[in-house]
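Accompanying notes for the structure given below.
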Amino acid sequence: MQQFMSQLQHLLSAPGSGPVNWDLARQVAASQLAATGDPMPSPYERHAVEEALRLADLWLEPMSAWPTGIRTSVAWNRNEWIYKTLDVWRKLCDPVASRMVGAMGDLVPPEARAQLGPMQSMVATLGGALFGGQLGQALGQLAAEVLSAGDIGLPLGPAGTAALVPANIRTYGQGLELPEDEVRLYVALREAAHQRLFEHVPWLRGHVLTAVENYASGIRVNREAIEEAMGRVDPTDPESMQAIALEGIFTPEDTPAQKASLARLETALALVEGWVCHVVDNAAGERLPNVVRLGEAFRRRRAAGGPAEQTFAALVGLELRPRRLREASALWAALTEHRGITGRDAVWGHPDLLPSDEDFADPVAFATARLDLDDELASFDFTAPGGPQEQAPGGSQPRPDDTGDDPDKS
């Protein structure tokens, strides 16, 4: 029992602010990475990353209407990825965790809450520690798989900082049986494209993160799952506290509003990822010998999600996967064909200009729809009779006998 109380005291120490003990999450993630290995990038790897990102930016230059979005090029180890992205994870996970902590407090019978008094705050602290520990494990697993700062489609890192994780790129390339330098360059192209997009579309970062937050706000807490998890705590077994599995306690609400939130999130993720895939594949062109294999491997990877991403989704209830990636890529290709690169990227000028989920079914119709309106306005003679002084575009047509006088008064 003394050992258990010591373990409990450790969990409850340094609770921090908010519903998640993020200090504990970071410690758990770091401990997990230390056990599996977290090599620092060598000087050669740092130089290779900088050169790959520089070359990637050159290749992207004619394929985008915007200049580079990279201000800093860096190579991260896995711990650096966690540390540099933790602020965004905090923003995404705190709303979900707060409902879990609240649900844990509700498990205490009403008649017992008055007796607990100040001790009831320990329930919230314990909940934050449990969730922080679980989240730390999930982030540690995710850090061992991600290839760059923008690998999962969200703007997780600092704005303007393009970052690759050489250790993970090397492992991923070995799995594909492709040269490491070629895989590194393809990852650099994707990272540079993400940076270019989020840097020059100022509203996009907030748009994507808000879509995630809105979906998260509709996730409900499975109180039975929490009660079952807490029931597995054995006071005589200090390891049981850390062995609690919280997966499955969050499930999406099956309501029209939540389904609409999910559709907006999936559309936003698919549009970002589809633009990146389209631009990168065009930039790589015939320059990379295995560009087709690389493009297909990354599409499958993003559509299915890796094991760590699936673990994170089970824990938090958020699946950060673009389900209609191929349709989104086809849509951006149609826009490029019919409007050119400048016209394609102009669609990012405002959220209302972006294609909706329904537009994915007929990308050519979406790409040409506004062209018809543009052609109509371009051919409209604003100086002829019926011009702007007498008829605004879309206004009502004057009657032939309309002289401005009321005929009944003549």
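This chain uses plain numbering: 1 for the first residue, then up along the sequence. Treat the numbers as computed from the prediction; the structure is a model and nothing was measured.
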For E51 and R54, run salt bridge (charged side-chain N to carboxylate O under 4.0 Å, His left out): C-alpha distance rounded to whole Å, both residues' side-chain angles, the deciding distance at 0.1 Å, then the answer. CA-CA 5 Å; E51 286 300 302; R54 183 189 61 80; 2.9 Å; yes

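- Dense packing is recorded around CZ of R293, with more than 12 heavy atoms of other residues, nucleotides or ligands lying under 6.0 Å away.
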CA sep, side-chain torsions, deciding dist, call: L294, L178, side chain to side chain contact (heavy atoms under 4.5 Å, CB included): CA-CA 9 Å; L294 283 164; L178 290 175; 3.7 Å; yes

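- Counting heavy atoms from C-beta outward, M63 and V280 have side chains that stay 4.5 Å or more apart.
- Using a 4.5 Å heavy-atom cutoff, the side chains of P67 and H200 are in contact.
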Are C93 and L135 close enough, and set up right, to give a side chain to side chain contact (heavy atoms under 4.5 Å, CB included), and what steps lead you there? CA-CA 9 Å; C93 297; L135 192 57; 4.1 Å; yes

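- Other residues, nucleotides and ligands place no more than 12 heavy atoms under 6.0 Å from the CD atom of E177.
- Here H278 contributes atom NE2 and S329 contributes atom OG; the two are 8.5 Å apart, rounded to the nearest 0.5 Å.
- Rounding to the nearest 0.5 angstrom, the gap separating the CG atom in D151 from the OG1 atom in T85 is 11.5 Å.
- Under a 3.5 Å cut-off, the side chain of T210 and the backbone N or O of G206 do form a donor-acceptor pair.
- Across all non-hydrogen atoms, the minimal contact from A328 to G274 is CB-CA, 4.1 Å.
- Residues W348 and V272 form a side-chain contact, since some pair of their non-hydrogen atoms from C-beta on lies under 4.5 Å apart.
- C277 is listed as a side-chain neighbour of R299, based on a closest heavy-atom distance under 4.5 Å.
- The two residues V291 and G285 make their nearest non-hydrogen contact at CG1-O, 3.3 Å.
- Checking E145 against N168 by side-chain atom types alone, no donor-acceptor pair falls below 3.5 Å.
- Residues L164 and W81 fail the side-chain proximity criterion, which asks for heavy atoms closer than 4.5 Å.
- Proximity of a side-chain donor or acceptor of D38 to a complementary backbone N or O of N79 within less than 3.5 Å is detected.
- A donor-acceptor pair shorter than 3.5 Å can be found between the side chains of S356 and D359.
- Taking each heavy atom of A167 and P39 in turn, the nearest pair found is CB-CG, 3.9 Å.
- To the nearest 0.5 angstrom, L209 atom CG is 9.0 Å from L204 atom CG.
- Shown here for G133 and L24, the closest heavy-atom pair between the two residues is N-CD2, 4.1 Å.
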Mind running side chain to side chain contact (heavy atoms under 4.5 Å, CB included) on L139 and L86 for me, showing each step along the way? CA-CA 9 Å; L139 289 177; L86 207 59; 4.1 Å; yes

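- No donor-acceptor pair under 3.5 Å is formed between the side chain of D57 and the backbone N or O of T68.
- With a 4.5 Å cut-off on side-chain heavy atoms, L271 and F360 count as touching.
- Panel note: side chain E213, backbone L92; no donor-acceptor pair is recorded below 3.5 Å.
- The backbone N or O of G150 lies less than 3.5 Å from a partner atom in the side chain of E191, making a donor-acceptor pair.
- Side chains of L142 and I82 form no contact here, defined as non-hydrogen atoms less than 4.5 Å apart.
- Using cut-offs of 30° and 60° for the angle between ring planes, the H207 and W203 rings count as perpendicular.
- Side-chain atoms of E182 come within 3.5 Å of backbone N or O of N290 as a donor-acceptor pair.
- Of the possible polar contacts, none joining the R170 side chain to the E180 backbone as a donor-acceptor pair under 3.5 Å is found.
- Put simply, the side chain of R78 gets close to the backbone of G37: a donor and an acceptor are under 3.5 Å apart.
- Between D345 atom CG and L335 atom CG the span is 9.5 Å, to the nearest 0.5 Å.
- We find that R184 and E45 are not joined by a salt bridge, their nearest charged nitrogen and carboxylate oxygen being 4.0 Å or further apart.
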Could you please spell out the steps behind the salt bridge (charged side-chain N to carboxylate O under 4.0 Å, His left out) verdict for D357 and R324? CA-CA 9 Å; D357 185 58; R324 305 189 67 181; 2.8 Å; yes

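- For the pair E337 and R344, the salt-bridge criterion is not met [side-chain N within less than 4.0 Å of a carboxylate O].
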Evaluate N77 against V165 for side chain to side chain contact (heavy atoms under 4.5 Å, CB included), listing each step before the verdict. CA-CA 6 Å; N77 68 350; V165 186; 6.0 Å; no

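- In this structure, L189 CG and H194 NE2 are separated by 12.5 Å, a value rounded to the nearest 0.5 Å.
- Taking the ring centre of Y172 as origin, the terminal cationic atom of R301 falls inside the region bounded by 6.0 Å and 45° from the ring axis.
- Across all their heavy atoms, A283 and L60 have their closest contact at CB-CD2, 3.8 Å.
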Run the numbers on D94 and K91 for salt bridge (charged side-chain N to carboxylate O under 4.0 Å, His left out), then give the verdict. CA-CA 6 Å; D94 273 357; K91 185 177 182 182; over 6 Å; no

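- In this structure, the side chains of Y83 and W76 stay at 4.5 Å or more apart for every pair of heavy atoms.
- A donor atom on one side chain and an acceptor atom on the other are not found under 3.5 Å apart for Y186 and D181.
- Figure legend: cation-pi geometry between R287 and W59, with NZ or CZ positioned under 6.0 Å from the six-membered ring centre and within 45° of its axis.
- There is a side-chain donor-acceptor pair under 3.5 Å between R264 and S261.
- Side chain to side chain, S64 and R196 fail the donor-acceptor criterion of an N or O pair below 3.5 Å.
- Minimum heavy-atom separation, P155 to V88: O-CG2, 3.8 Å.
- With values rounded to the nearest 0.5 angstrom, F366 atom CZ is found 12.0 Å from E358 atom CD.
- Panel note: side chain T161, backbone G157; no donor-acceptor pair is recorded below 3.5 Å.
- Note on E273 versus R190: salt bridge recorded, some NZ/NE/NH1/NH2 to OD/OE distance being below 4.0 Å.
- In this structure a side-chain-to-backbone donor-acceptor pair under 3.5 Å is missing from W89 to L156.
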